[in-house]
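So that the names make sense, note that chain A is the first sequence line, chain B the second, and so on, each numbered from 1. Atom set for the values below is all heavy atoms of this structure, side chains included, hydrogens, waters and symmetry mates excluded.
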Amino acid sequence: METRKNMNKISIKSMCSQFLLIISLLIICLFSSTTSFAQENEFANDPVSGTFESGLLGETQTIETPFAGEFELHIQHRFGLVENGLEDVFGIYSTSNIRMGLNYGITKDFMIGYGYTKEFKLQEFQGKYRIFNQTESNSMPVSVALYGNLSVNSLDKAYFGNNYKFSDRLGYFSQIIVAHKFNDAISLQFAPSFTHFNKTQNLAEHDKFALDLSGRAKVTSSMSIFFNYTQPLNIDSMREYLKSEELDPEANLTFGVEIGTSTHVFQVFLTNYSGITPQRNILYNQNNIGDGDFLFGFNILVRF
Amino acid sequence: MKTIKIFAIIAIAIIGFAFTGIQKKQPAPWKIPAEYKTMKNPLANDKASVNKGKMIFMKHCRSCHGNTGIGNGPKAARLKTFPGDFSSTKFTFTDGELLFITLNGRDEMPNYKTKIPGKKDQWSLVNYLKSLKK
């Protein structure tokens with residue numbers, strides 16, 4: 001038993017180190033591309049457009065925000081695990097999780113939003129601010145955005161047990177997003193995040209750092225393929241409980257297809273996450289990539 | 001007798017469709033400010049800019065103007081005005097005029113100032129529209 005735990009620790013550590021190595025290589029690539037793509041023309045200092053199709057890519061936020069004065073309606077669906085095959089048509093007839101949300105662009109770089117998720121009746125308030133824009137000449141090689149999400153669990157207060165306080169309902173997610181558009185087809189982004197819940201279920205930790213790597217590649221003028229990989233960092237020195245590693249959240253892999261039009265974005269994908277809200281996903285995901293715990297999901301975004 | 005009835009129905013349907021086509025208004029001439037008529041395109045009309053313009057066209061314009069810009073997109077049938085044929089020899093707008101039309105729109109055509117905010121993207125679209133002419 002002890003040996004197995006040690007092996008798990010070693011494999012998690014080696015996975016983290018591999019992930020960090022990939023990130024380091026990516027950052028080196030980003031900055032080395034600065035000079036090679038430099039252009040000296042009147043568009044040199046213009047911000048690049050269309051790094052991603054929208055502010056949401058599968059399970060993660062991107063550096064994109066709605067235009068100033070633009071609304072964005074989100075309809076998100078996560079079905080059951082595909083493991084039962086035709087019995088529940090790969091999870092499509094199984095219990096599903098749904099989120100409806102509305103974002104609004106206050107300026108071209110700042111948005112606010114509200115969303116409601118079926119599971120745990122989570123009401124979310126979110127904001128995103130793009131601090132830097134990548135320029136055409138790559139004099140600024142990356143776009144950088146800050147994202148914050150506050151969730152309020154609106155289940156009956158009996159759910160929270162004794163000594164209930166309103167703050168028990170709150171969960172926080174904050175993220176810094178760094179993205180680079182390599183060319184009209186390929187964009188990548190790296191996004192470290194921090195999650196905190198005031199009150200957790202079972203022996204789940206209250207705090208969790210995570211790293212996310214996402215990318216998309218256009219295959220036609222309006223269709224792309226994309227991926228997200230999110231690795232929660234299960235850091236021993238941050239542990240609050242003994243043996244809490246048994247409840248460590250699992251990493252997520254999402255991959256799918258995106259179709260973008262002037263007014264709509266459609267994304268269909270396979271993912272390990274079922275929570276939709278990022279703080280729930282990062283702290284509580286027990287679906288394992290290696291065990292094939294995938295489920296179908298889709299996002300529909302309508303701009304108006 | 002039955003055959004005559006079928007032919008009559010088909011003939012009525014064809015005439016009906018033809019009449020619907022005639023109903024579609026031809027677009028009135030655009031009123032374009034003088035500054036746009038002579039505006040120079042600062043972007044080289046190369047393969048890269050045309051490809052970029054094609055991506056933008058497919059995202060924002062295809063649904064009305066069609067895949068090849070001849071005005072036969074899936075939404076075109078619901079429009080009151082014919083969206084135009086960019087492959088026609090009558091399509092003689094200058095680069096600046098095309099930029100004005102794209103950014104401002106009129107009637108059923110929305111303006112794309114906010115949806116295509118980048119100047120490079122706007123001129124790339126102009127280069128692509130020019131490339132559709134046969």
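Contact annotation for B:Leu43: both backbone and side-chain heavy atoms come within less than 4.5 Å of a heavy atom of chain A. Heavy atoms closer than 4.5 Å to chain B are found nowhere in A:Lys108, neither backbone nor side chain. In this structure, no portion of B:Pro110 lies under 4.5 Å from any heavy atom of chain A.
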Between B:Lys115 and A:Thr263, is the side chain to side chain contact (heavy atoms under 4.5 Å, CB included) condition met? List the steps. CA-CA 10 Å; B:Lys115 294 213 175 215; A:Thr263 50; 3.8 Å; yes
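The 12-atom threshold is not exceeded at OH of A:Tyr93, counting heavy atoms of other residues, nucleotides or ligands nearer than 6.0 Å. Surrounding CZ of A:Phe132 are at most 12 heavy atoms belonging to other residues, nucleotides or ligands under 6.0 Å away.
Atom NZ of A:Lys218 is separated from atom CE of B:Met55 by 5.5 Å, given to the nearest 0.5 angstrom. Distance check, rounded to the nearest 0.5 Å: CG of B:Asp121 to CG of A:Asp46 gives 9.0 Å. The distance from atom OG of A:Ser221 to atom CZ of B:Arg62, rounded to the nearest 0.5 Å, is 10.0 Å. Note that the OG atom of A:Ser49 and the CD atom of B:Gln122 stand 9.5 Å from one another [nearest 0.5 Å].
For residues 62-75 of chain A, the interface with chain B (any heavy-atom pair closer than 4.5 Å) comprises A:Phe67, A:Glu70, sorted by residue number.
By the ring pair (Phe, Tyr, Trp, His ring centres under 6.0 Å) test, B:Phe57 pairs with B:Tyr128, sequence neighbours left out.
Across A:Ser262 and B:His60, no two heavy atoms sit closer than the pair OG-ND1, 2.8 Å. A pairwise comparison of heavy atoms in A:Glu42 and B:Pro42 identifies OE1-CB, 3.1 Å as the closest pair.
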